[in-house]
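So the structure is just underneath, and the comments pick up after that.
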Amino acid sequence: MTVRTRFAPSPTGYLHIGGARTALFSWLYARKHGGQFVLRIEDTDLERSSEASVNAILEGMTWLGLDYDEGPFYQTSRFERYAEVIQQLMDSGHAYKCYCSKERLEKLREKQMANREKPRYDGHCSAGVEPPSPDAPFVIRFRNPKEGHVEFDDLVRGRISISNDELDDLIIARSDGSPTYNLTVVVDDSDMRISHVIRGDDHINNTPRQINMIRAMGLQVPVYAHTPMILGEDGKRLSKRHGAVSVIQYREDGYLPEALLNYLVRLGWSHEDQEIFSIDEMIELFDISDVNRAASVFNTEKLLWLNQHYIKATDPKHIARHLSHHLGLRGIDPTSGPDLHAVATVQHERAKTLVEMAEISEFFYRDFDEFDHKSAKKHLKAAAQEPLEKVREALAALEAWEPEPIYAALTAVAEALDLKIGKVAQPLRVAVAGRAASPGIDVTLQLVGKEACLRRIDRALDYIRQRVAQSESA
RNA sequence: GCUCCCUUCGUCUAGCGGUAAGGACACUGGCCUCUCACGCCGGUAACAGGGGUUCGAUCCCCCUAGGGAGCGCCA
């Protein structure tokens with residue numbers, strides 16, 4: 001049997017974290033078994049579906065690298081097929097017309113709730129009834145078996161069993177003739193020869209009735225795997241308000257797709273003590289039956305750690321391209337300063353996201369507006385004046401603007417003044433970078449460039465003199 | 001309310017009848033060091049509770065509690 005999995009989002013919003021993981025699991029399973037992964041857009045809800053959402057989902061999949069072998073298929077283009085199946089079910093007696101009014105159903109539900117019963121359709125029209133009027137509206141219901149129970153072996157949950165008397169006769173066609181979800185999934189999964197249905201566990205309760213329909217149609221029941229949901233940082237369900245951000249938002253926030261994928265695959269799944277997985281390793285090692293049953297909480301801290309790991313591990317040339325983009329977003333022309341590859345090389349161990357990397361690299365490309373307040377307070381004080389003046393002198397005299405001579409010049413100044421190198425380097429760092437943290441002082445100066453360095457040192461000296469003058473007059 | 005599902009450090013997880021309950025993130029002590037990071041060494045921290053079964057339960061069974069999902073002419 002060739003493995004065929006699918007991802008079937010409804011285009012009513014973005015591709016969010018939960019959907020992305022379900023897609024990843026399905027994709028991995030197909031890739032692992034040399035099968036196919038198909039994408040299907042479940043857009044039968046005309047009210048809520050939008051093309052913008054379809055595009056957002058496709059964009060998210062592309063960014064993550066979850067390529068599909070077939071599709072995207074749109075359910076809206078398959079209405080004829082659904083109508084055909086519904087007719088077959090009618091012909092074989094597995095479905096019937098129901099003329100019950102919404103009012104009647106509403107009352108029924110209230111009564112059942114009051115009686116502490118599970119609300120369900122009572123089969124009023126099951127035996128066949130006369131239409132209240134010749135042109136009375138009706139829905140079509142699936143005739144669920146009354147006896148026995150449905151069992152299936154879920155690849156992550158194990159055996160799940162539910163009694164048929166818990167199930168009622170669900171609507172498969174609305175009064176306007178359009179098919180409902182439970183019918184369309186079943187028909188599509190069958191037509192698309194899906195062998196393994198991997199989806200969120202919010203579908204567990206639908207599965208038994210879907211199995212009953214599949215059997216009524218005389219079709220093959222696929223293997224199911226219901227993956228647990230992902231909770232927000234607060235342990236509550238993900239919502240628009242916290243965490244359920246679109247996958248694309250992570251790209252904007254400076255995450256690498258490899259990091260997000262790695263994070264997602266470890267949510268509910270593990271392989272020994274391994275934390276880092278390349279795509280190839282995931283494909284080789286992942287197995288849907290090793291997935292946990294319990295929901296898991298999304299933890300940005302760990303994602304950040306992984307992201308930093310991938311930033312460190314990725315070729316700086318590649319990082320440079322991303323950095324260019326994020327610098328651009330900050331209004332910086334990346335060609336106006338040092339080579340991006342060099343900057344990425346010295347910064348890639350210092351940033352958890354590409355956005356952060358752009359932020360801490362800004363000073364390479366333009367003079368900062370003002371010194372970081374705390375850093376200036378600590379380092380740009382009277383005691384730093386002489387060292388900075390001497391450093392300026394030494395640097396101005398340098399012929400070769402390279403890390404080694406620069407560092408030699410600094411140590412010479414420090415020695416001459418009988419200071420530790422830090423007493424010289426820190427004020428200089430604040431002068432040139434605007435803050436007390438930066439890559440090594442030598443490469444920092446080199447990349448900023450001689451002219452800019454001298455200019456900024458002068459500015460820092462002005463700042464110190466002004467500060468000294470103020471404290472004297474006070 | 002009813003049905004189904006879930007429950008190991010704060011978080012992600014390992015465990016599959018006998019372990020000092022392992023790893024990772026975070027937190028934290030130290031080393032390295034021109035800063036920040038990186039890296040390295042160390043630490044704190046968990047089997048929801050109660051009954052069984054068993055020589056022995058994190059692991060098997062039952063109950064309780066807590067959490068989640070479903071119960072639509074949404075998907």
Side-chain angles (χ1 to χ4, degrees), chain A residues 8-12 42-45 47-49 75 98 100 102 105 109 112-121 137-141 154 157-158 160-163 165-168 170-182 184-185 200-208 226 228-229 231 233 235-237 263 266-276 292-306 308 312 346-352 360 375 379 407 410-411 414 420-430 433 435-442 444:
Chain A
S10 62
T12 55
E42 308 216 325
D43 55 352
T44 53
D45 184 346
E47 292 291 305
R48 298 195 298 153
S49 297
Q75 290 190 320
C98 169
C100 292
K102 287 186 179 178
L105 296 175
R109 194 166 313 164
Q112 288 167 329
M113 291 287 265
N115 284 342
R116 302 181 150 203
E117 285 168 21
K118 181 174 181 170
R120 71 251 259 199
Y121 183 60
F138 62 87
V139 298
I140 295 174
R141 288 183 184 272
D154 191 286
R157 303 305 170 113
I160 293 175
S161 171
I162 186 161
S163 174
D165 58 25
E166 290 297 333
L167 274 21
D168 62 358
L170 72 159
I171 292 171
I172 55 177
R174 304 183 181 97
S175 44
D176 66 0
S178 64
T180 61
Y181 168 75
N182 279 295
T184 60
V185 251
D201 68 4
D202 47 330
H203 289 286
I204 280 192
N205 291 292
N206 287 323
T207 306
H226 288 95
M229 60 186 288
L231 272 18
E233 304 262 5
K236 300 239 174 67
R237 190 194 177 129
Y263 181 73
R266 281 284 290 100
L267 224 44
W269 176 81
S270 64
H271 175 72
E272 297 172 351
D273 285 341
Q274 191 169 342
E275 293 288 348
I276 307 297
N292 267 175
R293 284 183 278 267
S296 40
V297 173
F298 191 89
N299 182 216
T300 305
E301 294 289 347
K302 189 156 185 179
L303 205 213
L304 243 13
W305 172 73
L306 277 165
Q308 180 165 31
K312 279 188 290 179
V346 300
Q347 296 280 217
H348 76 153
E349 287 184 341
R350 281 166 238 272
K352 290 186 191 305
I360 63 173
S375 305
H379 299 291
Y407 195 73
L410 298 187
T411 49
K420 285 202 281 191
I421 184 77
K423 292 290 181 195
V424 175
Q426 279 308 88
L428 179 57
R429 172 171 276 118
V430 177
R435 59 174 85 191
S438 85
I441 192 67
D442 46 3
T444 296

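Letters go in sequence order (proteins before strands), and every chain restarts at 1.
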Below 4.5 Å, heavy atoms only, C-beta onward: do A:Ile421 and A:Leu410 meet side chain to side chain?
yes

Please check this pair: side chain of A:Asn292 against backbone of A:Ala294, looking for a donor-acceptor N/O pair closer than 3.5 Å.
no

Please determine, for the side chain of A:Thr44, which listed nucleotide (B:G22, B:C4, B:A75) has the closest atom?
B:A75

Identify whether any heavy atom of A:Ser296 sits under 4.0 Å from a base atom; if not, whether one sits that close to sugar-phosphate; answer base, sugar-phosphate or nothing.
sugar-phosphate

Complementary nucleotide for B:A65 - Watson-Crick or wobble, under 3.5 Å:
B:U7

By the 4.0 Å heavy-atom rule, please label A:Lys102 as base, sugar-phosphate, or nothing.
base

Protein-nucleotide distance (A:Asp201, atom CG; B:U7, atom P), rounded to Å:
12 Å

Note: for A:Ser175 and A:Leu267 on RNA chain B, the residue whose nearest nucleotide lies more 5' is A:Leu267

P atom, B:A37 versus B:A20: distance in rounded Å?
39 Å

Just name whichever nucleotide pairs with B:C16, Watson-Crick or G-U, keeping both distances under 3.5 Å, else none.
none

Heavy atoms only, 4.0 Å cut-off, all strands: where does A:Gly268 land among base, sugar-phosphate and nothing?
sugar-phosphate

Considering only heavy side-chain atoms of A:Asn299, the closest of B:C25, B:C4, B:A75 is B:C25

Under 4.0 Å, counting only non-hydrogen atoms across every strand here, what does A:Arg435 touch: a base, just sugar-phosphate, or nothing?
nothing

For atom NE2 of A:His203 and atom P of B:C71, their distance in whole Å
11 Å

Remember a base hit wins even if backbone is also touched, and classify A:Arg429 as base, sugar-phosphate or nothing at under 4.0 Å, heavy atoms.
base

Which of the following nucleotides, B:U35, B:C73, B:G68, is nearest to the side chain of A:Met229?
B:G68

Is it true that A:Arg157 and A:Asp201 make a salt bridge, defined as a side-chain N closer than 4.0 Å to a carboxylate O?
yes

Atom CD of A:Glu117 and atom C1' of B:C2: how far apart are they, to the nearest Å?
9 Å

Among all residues two or more places apart in sequence or in another chain, which pass the side-chain contact (heavy atoms from CB on, under 4.5 Å) test with A:Gln308?
A:Lys312, A:Lys352

Side-chain atoms of A:Ala294 come closest, of B:C73, B:U7, B:C34, to B:U7

Report yes if the side chains of A:His203 and A:Tyr181 come closer than 4.5 Å at any heavy-atom pair, otherwise no.
yes

Please classify the nucleic acid contact of A:Pro228 as base, sugar-phosphate, or nothing, using heavy-atom distances under 4.0 Å.
nothing

In Watson-Crick or G-U wobble terms, with both distances under 3.5 Å, the base opposite B:C2 is B:G70

Just compare B:A24, B:A75, B:C71 and give me whichever is closest to any side-chain atom of A:Arg48.
B:A75

Taking the C1' atom of each, how far is B:C27 from B:G72, in whole Å?
47 Å

Of the options B:C4, B:C34, B:C25, whose atoms approach the side-chain atoms of A:Lys302 most closely?
B:C25

At under 4.0 Å between heavy atoms, what does A:Val139 touch on the DNA or RNA strands: base, sugar-phosphate, or nothing?
base

Under 3.5 Å, side chain of A:Arg48 to main-chain N/O of A:Ser10, donor-acceptor pair present?
no

Any side-chain to backbone donor/acceptor pair from A:Asp43 onto A:Gln75? Under 3.5 Å, distance only.
yes

Which residue lies more 5' along RNA chain B, comparing A:Pro439 with A:Thr184 via nearest heavy atoms:
A:Pro439

Taking the side chain as every heavy atom from C-beta outward, state whether A:Ile171 and A:Ile140 have any pair of such atoms under 4.5 Å apart.
no

Report the distance from atom CD of A:Gln426 to atom C1' of B:C36, rounded to the nearest whole Å.
9 Å

Side chain of A:Lys118 - closest among B:C73, B:G1, B:U13
B:G1

Give me the distance, rounded to whole Å, that separates B:A26 from B:U11 when you measure between the C1' atoms they each carry.
8 Å

Determine the interatomic distance between C1' on B:A46 and the same-named atom on B:C9; round to the nearest Å.
4 Å

Whole-Å distance separating the CD atom of A:Gln347 from the P atom of B:C38
13 Å

Work out how far the C1' atom of B:A75 is from that of B:G66, and round it to whole angstrom.
29 Å

Could you please name the option among B:C34, B:C4, B:G1 that lies closest to any side-chain atom of A:Ile421?
B:C34

May I ask you to evaluate whether A:Asn292 reaches the phosphate of B:A14, defined as a side-chain N or O under 4.0 Å from OP1 or OP2?
yes

Given atom CD1 of A:Ile162 and atom P of B:C4, what is their separation to the nearest angstrom?
6 Å

Short side-chain N/O contact from A:Arg293 to OP1 or OP2 of B:C6, under 4.0 Å
yes

Applying the 3.5 Å cut-off to both distances, the Watson-Crick or G-U partner of B:A21 turns out to be none

What is the pairing partner of B:U58, taking Watson-Crick or G-U wobble pairs with both distances under 3.5 Å in any strand?
none

Could you give the distance separating B:A57 and B:U8 at their C1' atoms, to the nearest angstrom?
14 Å

Name the pairing partner of B:G42, where a pair is Watson-Crick or G-U wobble with both distances under 3.5 Å, or state none.
B:U28

Against the side chain of A:Arg109, the closest entry in B:C73, B:C2, B:C4 is B:C73

So does A:Arg116 reach the base of B:C2 with its side chain, donor to acceptor, closer than 3.5 Å?
no

For the C1' atoms, the ones on B:U7 and on B:G50, what distance do you get once it is rounded to whole angstrom?
15 Å

From B:C34, B:A75, B:A26, nucleotide with atom closest to A:Asp442 side chain
B:C34

Short side-chain N/O contact from A:Gln308 to OP1 or OP2 of B:C38, under 4.0 Å:
yes

Checking base pairs now: Watson-Crick or wobble, both atom distances under 3.5 Å. What partners B:U35?
none

Pairwise P distance for B:G18 and B:G1, with rounding to whole Å
39 Å

Separation of A:Leu167 atom CG from B:C2 atom P, in whole Å?
18 Å

Establish, with yes or no, whether the OP1 or OP2 oxygen of B:A75 is under 4.0 angstrom from a side-chain nitrogen or oxygen of A:Thr180.
no

At 4.0 Å (heavy atoms only), tell me whether A:Ser270 reaches a base, stays on the sugar-phosphate, or touches nothing.
sugar-phosphate

For A:Arg350 and B:C34, what is the distance between atoms CZ and P respectively, to the nearest whole Å?
13 Å

Just by modelled atom types, is the A:Tyr407 backbone N or O under 3.5 Å from a matching donor or acceptor in the A:Thr411 side chain?
yes

Any N or O donor-acceptor pair linking the side chain of A:Glu275 to the base of B:G23 at under 3.5 Å?
yes

Note, A:Thr300 side chain near A:Lys302 side chain (heavy atom, < 4.5 Å):
no

